[in-house]
Visitor: 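Quick one: the structure is below, questions incoming.
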Amino acid sequence: MSIEKTLILIKPDAIFRKLTGLVLYRLDNAGFEMIAAKTVSVTEELARKHYEALKDKPFFEELVKFIMGKFHNIPRNRILALIYKGENAIQGVREIVGATNPEDAMPHTIRGSLGKISTKGLFENVVHASGNREDAEREIKLWFNPEEIIE
Ligand code: UDP
Ligand code: MG
């Protein structure tokens with residue numbers, strides 16, 4: 001057991017469909033503590049850096065457009081970025097977020113109950129959550145300045 005921090009992004013599909021409150025409700029109910037939160041205008045540079053590990057995947061370009069809100073007409077590419085902290089927060093948040101493919105995600109998870117697959121085949125899976133410690137550390141640095149994190 002250890003105290004961890006993890007990055008959550010409320011993705012454009014969730015912003016568009018007004019799911020922000022539901023997602024926050026579930027994260028809070030899971031017992032994790034919100035230690036940072038802000039709206040971010042996602043630039044192409046930020047999107048590419050965030051998903052750099054997936055740059056060779058066939059869906060990479062779509063993924064970049066997706067997180068920039070290009071498929072949801074989000075003004076100024078606005079999304080919500082959060083850091084949650086708690087015991088085993090990285091794995092714990094992933095458990096309530098559910099599997100990457102909303103069709104495979106358990107019904108009680110965020111993606112299982114709120115996600116869908118677009119007609120283009122891209123997963124509209126509501127949230128991003130860091131996958132492991134290395135990713136969490138890198139992503140938190142990428143999305144937040146240290147003074148924005150209140151511990
Ligand atoms: N993704 C997709 N189709 C796929 C695999 C991934 O649309 O076959 C998208 C989806 O939005 C996912 C993101 O790419 O959340 C990042 O993929 P990753 O494998 O890191 O999944 P995650 O960690 O988000 O569960
Ligand atoms: Mg991932």
Side-chain angles (χ1 to χ4, degrees), residues 2 4-30 32 34-74 76-144 149:
S2 62
E4 295 172 340
K5 287 174 229 170
T6 188
L7 180 88
I8 319 283
L9 302 175
I10 313 274
K11 291 183 174 182
D13 54 322
I15 301 286
F16 178 72
R17 294 166 63 208
K18 311 294 181 195
L19 299 173
T20 305
L22 282 176
V23 172
L24 294 181
Y25 177 77
R26 285 167 176 237
L27 290 167
D28 282 344
N29 270 6
F32 302 107
M34 190 197 298
I35 61 166
K38 65 176 176 182
T39 51
V40 181
S41 176
V42 183
T43 61
E44 188 173 335
E45 189 191 359
L46 178 57
R48 287 182 183 281
K49 276 191 189 153
H50 177 72
Y51 283 125
E52 74 187 5
L54 300 173
K55 66 176 186 300
D56 297 328
K57 300 280 184 193
F59 54 84
F60 179 71
E61 293 302 322
E62 301 253 281
L63 195 53
V64 167
K65 282 191 196 133
F66 179 83
I67 199 70
M68 291 177 72
K70 296 298 181 203
F71 299 131
H72 292 90
N73 245 314
I74 306 288
R76 305 279 319 275
N77 308 348
R78 197 195 312 110
I79 67 163
L80 188 66
L82 310 153
I83 302 171
Y84 270 77
K85 181 179 176 177
E87 205 150 86
N88 289 334
I90 298 169
Q91 176 65 20
V93 167
R94 290 286 292 194
E95 276 168 20
I96 62 164
V97 162
T100 306
N101 181 341
E103 269 182 9
D104 296 336
M106 300 275 280
H108 67 278
T109 61
I110 292 170
R111 287 170 170 175
S113 58
L114 304 173
K116 61 177 188 159
I117 300 180
S118 78
T119 49
K120 286 185 176 159
L122 210 64
F123 301 159
E124 302 206 345
N125 61 11
V126 186
V127 285
H128 167 83
S130 303
N132 54 58
R133 281 184 174 220
E134 198 186 328
D135 285 353
E137 204 169 302
R138 187 184 74 84
E139 292 170 4
I140 286 169
K141 277 199 196 117
L142 182 63
W143 289 85
F144 283 91
I149 305 168

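Read the numbers this way: they start at 1 and go in the same order the structure lists the ligands and their atoms.
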Visitor: Other residues, nucleotides and ligands only: do more than 12 of their heavy atoms fall within 6.0 Å of NZ on Lys57?
Guide: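 Result for NZ/Lys57: open.
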Visitor: Tell me the protein heavy atom at minimum distance from atom 10 (C) of ligand 1, and give that distance in Å.
Guide: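 In this structure, atom 10 (C) of ligand 1 has Asn125 ND2, 3.5 Å as its nearest protein heavy atom.
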Visitor: Heavy atoms only, cut-off 4.0 Å: how does Phe66 contact ligand 1, side chain, backbone, both, or neither?
Guide: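 Neither; no heavy atom under 4.0 Å.
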Visitor: Can you tell me which residue and heavy atom of the protein come closest to atom 9 (C) of ligand 1, and the distance to 0.1 Å?
Guide: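 Scanning the protein heavy atoms, the shortest distance from atom 9 (C) of ligand 1 goes to Leu63 CD1, 3.5 Å.
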Visitor: Just verifying a value: how many Å separate Leu82 CG and Leu27 CG, rounded to the nearest 0.5 Å?
Guide: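 So the CG of Leu82 and the CG of Leu27 are separated by 7.0 Å.
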Visitor: Can you tell me which portion of Arg94 lies within the under-4.0 Å heavy-atom range of ligand 1? Options are side chain, backbone, both, or neither.
Guide: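 Looking at Arg94 and ligand 1, just side chain atoms fall under 4.0 Å.
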Visitor: More than 12 non-hydrogen atoms from neighbouring residues, nucleotides or ligands closer than 6.0 Å to CD on Glu103, yes or no?
Guide: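 Not more than 12 within 6.0 Å, no.
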Visitor: Mark yes when over 12 heavy atoms from residues, nucleotides or ligands other than Asn29 sit less than 6.0 Å from its CG; otherwise mark no.
Guide: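 Counting other residues, nucleotides and ligands, CG of Asn29 exceeds 12 neighbours.
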Visitor: Does any N or O atom in Phe59 lie less than 3.5 angstrom from one in ligand 1, N or O only?
Guide: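 So ligand 1 has no N or O lying under 3.5 Å from an N or O of Phe59.
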Visitor: Ion pair present between Arg133 and Glu137, side-chain N to carboxylate O less than 4.0 angstrom?
Guide: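 Answer for the salt bridge query: no.
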Visitor: Counting heavy atoms only, which part of Arg111 comes closer than 4.0 Å to ligand 1: side chain, backbone, both or neither?
Guide: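 Only the side chain of Arg111 comes within reach of ligand 1.
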Visitor: Salt bridge or not for Lys55 and Glu61, using N-O below 4.0 Å?
Guide: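 Answer for the salt bridge query: no.
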Visitor: Among all protein heavy atoms, pick out the one at the shortest distance from atom 4 (C) of ligand 1; state its residue, atom name and that distance to 0.1 Å.
Guide: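 Here the nearest protein heavy atom works out to Phe123 CE1, 3.4 Å.
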Visitor: What atoms in ligand 1 come closer than 4.0 Å to a heavy atom of Leu122?
Guide: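 That gives atoms 7 (O) of ligand 1.
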Visitor: For atom 11 (O) of ligand 1, find the nearest protein heavy atom and state the residue, atom name and distance (0.1 Å precision).
Guide: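 Residue, atom and distance for the closest contact: Lys11 NZ, 3.1 Å.
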Visitor: Could you give the distance from NZ (Lys116) to CZ (Arg17), rounded to the nearest 0.5 Å?
Guide: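 Spacing of NZ (Lys116) from CZ (Arg17) equals 5.0 Å.
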Visitor: Give the contacting part of Leu54 toward ligand 1: side chain, backbone, both or neither, where contact means a heavy-atom distance below 4.0 Å.
Guide: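 The side chain, only.
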Visitor: Compute both the distance and the angle, then confirm whether Lys11 meets the cation-pi test with Phe66: under 6.0 Å from the six-membered ring centre, within 45 degrees of the axis.
Guide: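 The answer is no; the distance or angle limit is not met.
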Visitor: Nearest to atom 25 (O) of ligand 1 by heavy atom, Ile117, Asn101, Thr100: which?
Guide: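 The option holding the nearest heavy atom is Thr100.
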Visitor: For ligand 1, does Glu62 get within less than 4.0 Å through its side chain, its backbone, both, or neither, judged by non-hydrogen atoms?
Guide: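 Answer for Glu62: neither.
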